[in-house]
Amino acid sequence: MARRFVAGEGLDEALAAARVCNDHGMMVSLDYLGENVASTADAQHARDAYLEVFEKIAEQRLHANVSCKLTALGMDLSTEFCEGLVHSIVERAAATDNFLRVDMEGSAYTERTIELVKQVRSQSPAIGTVIQAYLFRSEQDVQDLLAYGCRIRLCKGAYKESPDVAFEKKSDVDANYVRLMKLLLPSGFYHGIATHDPRMIGATIRCAAESKVSKDDFEFQMLYGVRVDLQKRLVRDGYRVRVYIPYGNDWFPYFMRRLAERPANVGFFIRNFFR
Ligand SMILES: Cc1cc2nc3c(=O)[nH]c(=O)nc-3n(C[C@H](O)[C@H](O)[C@H](O)COP(=O)(O)OP(=O)(O)OC[C@H]3O[C@@H](n4cnc5c(N)ncnc54)[C@H](O)[C@@H]3O)c2cc1C
């Protein structure tokens, strides 16, 4: 069932899925799944997996970059240790003329993620991160990261958050998404607008036209297995589209977030389970 959202357990399956996306005119971000590792050995294993992905992307000349999670790289164990691993991955990204995107996790990690990314970004442009429109703090974080010239992926946010830190109503999240998108698009840096929501996509297209931001100066991003029709339509209309392709053994938390954000997916899951 998870196959709908996850390319497979091995890198080869992910690379094959990336090739198919490239053949359809879409770029890719490969994510080796994993989060909240409990030992430095597991974090180093994740680091090695990310290094290997950059090698394979270069070898196979794929239009792909890499997404990672800091808790897969030992953020829970030590920020300094985690930063060391991120540095080595970003060095590899830069050496292969590529880019590492640091995903944003639950709000307990937001501050540390932004600080770490700023620190690494001050030494290499080959790193960027993610801002979640559901958090109250995000406008401030956008301003902060833009001052570092940081490339941002804007998403709505996928974690269960407290009303003390995040908007609860979808309409408020959506309004903040549009507000943040309007800060990003004309900022002069290349950002990713990550959503499957046709209203967010429509607002982005209008904003780009009004601010005279060219179709080549930003990209839409969507998840593997979600709204493939929309992905293809945007490519047909001349927009840049990147598909986020997760792979690896540790797919369960990712899969659960995909089920949670859309109740219809749970029905789909149950129907197929009994079939
Ligand atoms: C490329 C990419 C990277 C992301 N990275 C992060 C990250 O680092 N941190 C983070 O917190 N979140 C991340 N997310 C997830 C994001 O925060 C949202 O949870 C998710 O994208 C759903 O929000 P939406 O913008 O698509 O809008 P919604 O309003 O949730 O959905 C709009 C429409 O999209 C379709 N849709 C959305 N989700 C699903 C689904 N799971 N299954 C089937 N259809 C669906 C439905 O048609 C729905 O009506 C990422 C999303 C994308 C696309």
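Each ligand, and each atom within it, is numbered from 1 in the order the structure gives. Note that the structure is a prediction, hence the values are computed from the model and not measured. Note that these values count all heavy atoms, side chains included, but never hydrogens, waters or copies made by symmetry.
Between Glu115 and Arg112 no salt bridge is recorded (no basic side-chain N to carboxylate O distance below 4.0 Å). Taking 4.0 Å as the cut-off between side-chain N and carboxylate O, Lys69 and Glu105 do not count as a salt-bridged pair. Using a cut-off of 4.0 Å between Lys/Arg side-chain N and Asp/Glu carboxylate O, Arg137 and Glu111 are scored as salt-bridged. A salt bridge links Asp197 to Lys170: one of the charged nitrogens lies within less than 4.0 Å of a carboxylate oxygen. Taking 4.0 Å as the cut-off between side-chain N and carboxylate O, Glu13 and Arg3 count as a salt-bridged pair. Asp229 has a carboxylate O that lies under 4.0 Å from a charged side-chain N of Arg227, or vice versa, which qualifies the two as a salt bridge. A salt bridge does not link Lys215 with Asp237: every distance from a Lys NZ or Arg NE/NH1/NH2 to an Asp or Glu carboxylate oxygen is 4.0 Å or more.
Atom 46 (C) of ligand 1 has as its closest protein heavy atom Arg262 NE, 3.5 Å. Protein heavy atom nearest atom 15 (C) of ligand 1, with residue, atom name and distance: Arg258 NH2, 3.8 Å. When only non-hydrogen protein atoms are considered, atom 42 (N) of ligand 1 lies nearest to Asn265 ND2, 2.8 Å. Protein heavy atom in closest approach to atom 38 (N) of ligand 1: Glu261 OE2, 3.6 Å. Nearest protein heavy-atom contact of atom 34 (O) of ligand 1 is His196 CB, 3.1 Å. Protein heavy atom nearest atom 27 (O) of ligand 1, with residue, atom name and distance: Lys156 NZ, 3.1 Å. Residue, atom and distance of the protein heavy atom nearest to atom 4 (C) of ligand 1 are Arg153 NH1, 3.7 Å. Leu223 CD2, 3.7 Å is the protein heavy atom nearest to atom 51 (C) of ligand 1.
Between Met104 and ligand 1, at least one N/O pair is under 3.5 Å apart. Checking only distances, Tyr244 never comes within under 3.5 Å of ligand 1, N or O to N or O. At under 3.5 Å, a nitrogen or oxygen of Thr195, whether backbone or side chain, sits near a nitrogen or oxygen of ligand 1. Not a single N or O atom of Tyr159, backbone or side chain, sits closer than 3.5 Å to an N or O atom of ligand 1. For a threshold of 3.5 Å applied to N or O pairs, the pair formed by Phe5 and ligand 1 contains no separation below that value.
Counting heavy atoms under 4.0 Å from ligand 1, residue Lys170 touches it through the side chain alone. Neither the backbone nor the side chain of Lys69 has a heavy atom within less than 4.0 Å of ligand 1.
Close contacts of ligand 1 with Gln132, meaning ligand atoms under 4.0 Å from a residue heavy atom, involve 9 (N), 10 (C), 11 (O). Those atoms of ligand 1 with a heavy atom of Ala194 less than 4.0 angstrom away are 1 (C), 2 (C), 52 (C), 53 (C). Atoms of ligand 1 found under 4.0 Å from any heavy atom of Asp103 (numbered from 1 in listed order, with element): 8 (O). Listed by number with element, the atoms of ligand 1 under 4.0 angstrom from any heavy atom of Gly157 are 11 (O), 16 (C), 17 (O), 19 (O). Residue Arg4 approaches ligand 1 through these ligand atoms, each under 4.0 Å from one of its heavy atoms: 43 (C). Close contacts between ligand 1 and Val130 involve ligand atoms 7 (C), 8 (O) [criterion: under 4.0 Å to a heavy atom].
Both tests do not hold together for Arg257 against Phe255: distance to the six-membered ring centre under 6.0 Å, angle to the ring axis within 45°. Seen from the ring of Phe220, Arg240 does not count as a face-on cation partner, given the 6.0 Å and 45° thresholds.
Glu219 and Tyr190 are linked by a side-chain donor-acceptor pair at a separation below 3.5 angstrom, with hydrogens and angles left out of the test. The closest side-chain donor-acceptor pair between Asn36 and Tyr109 falls under 3.5 angstrom.
Across the listed options Asp197, Val226, Ile201, Val226 owns the non-hydrogen atom lying nearest to atom 36 (N) of ligand 1.
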* To do: Please report the C-alpha distance between Leu183 and Gln143 in whole Å, then the side-chain angles of each, then the deciding distance to 0.1 Å, and finally whether the side chain to side chain contact (heavy atoms under 4.5 Å, CB included) criterion is met.
  => CA-CA 8 Å; Leu183 290 177; Gln143 305 283 12; 4.1 Å; yes
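Note on ring orientation: taking the six-membered ring where Trp is involved, the planes of Phe218 and Tyr239 are tilted (angle from 30° to 60°). The aromatic rings of Tyr247 and Tyr32 sit tilted, their planes meeting at an angle between 30° and 60°.
Within the 4.0 angstrom cut-off, atom 29 (O) of ligand 1 has one or more protein heavy-atom neighbours.
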